[in-house]
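Notes for the one structure printed next.
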2 protein chains.
Amino acid sequence: MAVTIRDVARRAHVSVATVSRALTSPELVRPETRTRVLAAATELGYQPNRAARGLITGKTGNIGIVVPDLDNPFFTGVLKAVQARAMQADYAVFVADSDEDPVAEAKLVHAMAKQVDGVVLCAPGLEDSQVREVAGVTSLVLLNRRLPGVPAALMDSAGGMHAVIDHLVALGHRRIAYLNGPRTSWSNQERRRGLMTAVAKHGVDLVDLGPFAPRFEGGLQAADLALAAATTAIVAYNDIMALGVLARLRDRGVSVPGDVSVTGFDDLTYASLCSPALTTVAMPVAQAGRTAVNLLLDWLDSDHTDAPQIMAETQLIVRGTTTPPKR
Amino acid sequence: MAVTIRDVARRAHVSVATVSRALTSPELVRPETRTRVLAAATELGYQPNRAARGLITGKTGNIGIVVPDLDNPFFTGVLKAVQARAMQADYAVFVADSDEDPVAEAKLVHAMAKQVDGVVLCAPGLEDSQVREVAGVTSLVLLNRRLPGVPAALMDSAGGMHAVIDHLVALGHRRIAYLNGPRTSWSNQERRRGLMTAVAKHGVDLVDLGPFAPRFEGGLQAADLALAAATTAIVAYNDIMALGVLARLRDRGVSVPGDVSVTGFDDLTYASLCSPALTTVAMPVAQAGRTAVNLLLDWLDSDHTDAPQIMAETQLIVRGTTTPPKR
DNA sequence: TTGAAAGCGCTAACAT
DNA sequence: ATGTTAGCGCTTTCAA
């Protein structure tokens, strides 16, 4: 077995209680004693057993994160930031992948509950009521989902989509197609909301297509429909769909941005690597991830009266797939 | 506080020991009693406290995984499989990101050690001796790294690279450039090993360039050098570099695959989405991830006499960037 | 400022 | 087949 607090106590010629105090409440022990204890601890390579500590303090020093898909760079971006911020705060992180299954999401949170102080639930597909239920079993912070009473780290996709339309309109586009992602997803609803506001403001024509699968194939399928609608610009739900659109357009001999402008959403790595490079909206995944952890940590020692929802700004990245329409 | 084993015991009119047995060793308790206990447990929504259990059994029911970069789809692919397989076996998983820092790798494993039954260490940058040291603190399984005495899940990159050369030679290429990744990385060494074997076998000319940064920019830089060397094919260390090569070649008006063939390695999503689609080698990340967990679980109840190293096969994916050379 | 002792939730002897 | 009891490693009263 590993080295325990008792080994340290023996070596430092003090009681286990003193060792414990030296480690967790330094002010309660004489500096001299403290140094002796610390020395003994490092000499033995002592690492407190967090499970044992948690048993008594009721805090585990762990947080959990549940994501819909670990193959999606959007969520791993969040994960990376969550893990980094958590480590900084001396928390370890559990991950779980729900595989886009709402039922699994709830199950996973339940399973984690006993081992963590709280969990970050990313873009859940759960109904509001189920999210509430889950928020009852452990401290919850939502990412990209809004629910009164539950803290949330949000990204302003509506604003990003608004910027996309502003951009296209400024270029002179007057008839624009939007390729919807999954109707029920919060992301699509938000993006659509920003779109609608902007479209109404500018008084331009919107051709609302879909929903399509938020994948390359969805883009392939959508491209032909958008073309048939004779719009000068195509706004895709996300980058992957946009890449599908680009591919199909190329196959049909339609030039981008010559004949039609195309935009994506997310700013995945390869949006900048394809040619022409894709005009898109960058999501502040890292910032949102950090914020989520901060919210969780704050929530843990708050009286739970107000649940903040913090919005991180998106950013329009103008690249090569948008120009003024031909006239 | 949550519901404990005592609450269940009281409700089922038995002792805590019986509850414990009913849950963990059903055969030791009368079926009738067992049902009563189980009923009480579900009614109360009882979930055993794993930390408390671990304190006495010495097993945590957790495993850890340490990766160099959570933004790299290669590692998140592994992670996804690891988490899926672990969950299946009723293990929860801790993740940590070392940010490509060998020192951090070692630290992270140490930090996790107390909370896990073992850890999967992915493609560590650590020296052999340091990996050994780390293997002493907890049960370790290596991914894409070979070290006698330590179980490992490997991917046959050497074989994959060999297949690349076979393919190019079959097309008629006789003078090939290899763009090295980081010299010290196990991956580059393995890929290079396969390359050398194949090159020697076929007796073709190899122009060995680099090392380059395994990024898009590295590819941009490498492209000009490869062109100057007048080879008919360019074999990149990985897909991202290959995409950089493609971009630079296009800028210089060099046609792919017309003027020169290009191959990547890894089969990232966008390798199939760019145009022409990239000929590359698919890494069996999911399989290796599952294998790593299996090895770890086996290792935990083995006598540690033999440490298996299991190799998963890579696969050459022929797409649009390779054709016979111009003559 | 320090030590002795109780106990967190659970399992594993040891009894019965 | 079931109950009693002693810890697992740690923190936290309570006393000294």
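What you see is a predicted model; the values in this text were computed from it and never measured. Letters go in sequence order (proteins before strands), and every chain restarts at 1.
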Side-chain N or O of A:T18 versus OP1/OP2 of C:dT2: is the shortest distance under 4.0 Å? no

ring-ring contact (aromatic ring centres under 6.0 Å, His included) involving A:F94 - partner list, sequence neighbours excluded: B:F94

Considering only distance and modelled atom types, tabulate donor-acceptor pairs under 3.5 Å from the side chains of residues 17-27 of chain B, sequence neighbours left out.
from, atom 1, to, atom 2, distance (Å)
B:T18, OG1, B:S15, OG, 3.3
B:T24, OG1, B:S20, O, 2.9

Just the rounded figure in Å: distance from C1' of C:dC8 to CG of B:D7. 14 Å

How close or far is atom C1' of D:dC14 from atom CG of A:L28, stated in whole angstroms? 14 Å

Rounded distance in Å - NZ (A:K59) to C1' (D:dC10): 16 Å

Results of side chain to side chain donor-acceptor pair (under 3.5 Å) for B:T42 - residues two or more places apart only: none

Upstream residue (5' side of DNA chain D) when B:L55 and B:V29 are each assigned their closest nucleotide: B:V29

For A:R290, which residues count as a side chain to side chain donor-acceptor pair (under 3.5 Å) partner, sequence neighbours excluded? none

Answer yes or no: does a side-chain N or O of B:T33 lie under 4.0 Å from OP1 or OP2 of D:dA1? no

Atom pairs under 3.5 Å: protein N/O with N/O of nucleotides 10-14 of chain C:
from, atom 1, to, atom 2, distance (Å)
C:dC10, OP1, B:Y46, OH, 2.6
C:dC10, OP1, B:N49, N, 3.0
C:dC10, OP2, B:I5, N, 2.3
C:dT11, OP1, B:R53, NE, 2.6
C:dT11, OP1, B:R53, NH2, 3.1
C:dT11, OP2, B:S20, OG, 2.8

Provide, to the nearest angstrom, the distance between the CZ atom belonging to A:R34 and the P atom belonging to C:dT2. 12 Å

Let me have the donor-acceptor pairs involving side chains of residues 68-75 of chain A, under 3.5 Å, with sequence neighbours excluded, atom names and distances please.
from, atom 1, to, atom 2, distance (Å)
A:D69, OD1, A:D71, N, 2.8
A:D69, OD1, B:K80, NZ, 2.7
A:N72, OD1, A:F74, N, 2.8

Are there over 12 heavy-atom neighbours, none belonging to B:K114, within less than 6.0 Å of that residue's NZ? yes

